[in-house]
Amino acid sequence: MQEYLDTGYSQRSLEHKYSLPKGTVKRWWATYKQNGPDGLKLRHSRREFTVDFKLYVINYYLNNDLSMSEVASTHNLLCSQVSIWFKLFKEGGLEALKPKKKGKPSKVSKKSKKNASKMVNYPSL
């Protein structure tokens with residue numbers, strides 16, 4: 001972003017220079033204008049969003065004359081995230097925005113695990 005600010009190169013010429021997909025510098029610039037340099041920092045942890053926040057972003061998109069990209073930039077999100085939330089909401093309503101359990105379900109019940117741990121703790125005869 002600094003090179004764009006310092007040199008006056010066009011967004012397209014920088015994308016060509018660094019072999020970036022078309023529109024990348026434009027998205028970075030929009031994020032920079034909206035959120036400053038902090039908006040461009042890499043995130044090292046996954047962010048979790050409440051259902052209320054997701055619904056707020058969807059309403060913001062529906063009630064303003066902005067593209068998904070602009071809405072994402074305004075809320076420091078990826079455009080794809082806004083798109084996913086919108087699609088989920090359209091297809092499944094509010095329920096679809098709720099978090100889902102992750103991972104593979106356990107094949108062993110908690111009761112079986114307790115019984116097994118009791119057996120392991122018994123002294124040998």
Give, for atom [atom1] of [X] and atom [atom2] of [Y], the distance between the pair rounded to the nearest 0.5 Å.
| X | Y | atom1 | atom2 | answer |
| --- | --- | --- | --- | --- |
| Tyr61 | His75 | OH | NE2 | 14.0 Å |
| Asn59 | Asp52 | CG | CG | 10.5 Å |
| Ser69 | Leu77 | OG | CG | 11.0 Å |
| Met68 | Leu78 | CE | CG | 13.5 Å |

Minimum heavy-atom separation for [X] to [Y], with atom names?
| X | Y | result |
| --- | --- | --- |
| Glu95 | Lys100 | O-NZ, 3.7 Å |
| Ile58 | Trp85 | CD1-O, 3.6 Å |
| Leu88 | Ala96 | O-CB, 3.3 Å |

Please answer whether the main-chain N or O of Glu70 pairs with a side-chain N or O of Thr74 as donor and acceptor at a distance below 3.5 Å. yes
Return the orientation label for the Phe53 and Phe49 ring planes: parallel under 30°, perpendicular over 60°, tilted otherwise.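 Correct class here is parallel.
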Does the side chain of Ser13 come under 3.5 Å of the side chain of Ser10 through a donor N or O and an acceptor N or O? yes
Would you say Val71 and Asn64 make side-chain contact, with heavy atoms under 4.5 Å? no
Flag the pair Val57 / Phe86 as yes when at least one side-chain heavy-atom distance between them is below 4.5 Å, and no otherwise. no
Under the side chain to side chain contact (heavy atoms under 4.5 Å, CB included) test, which residues partner Leu94, sequence neighbours left out?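 Checked Leu94 against side chain to side chain contact (heavy atoms under 4.5 Å, CB included); matches are Val51, Leu55, Leu97.
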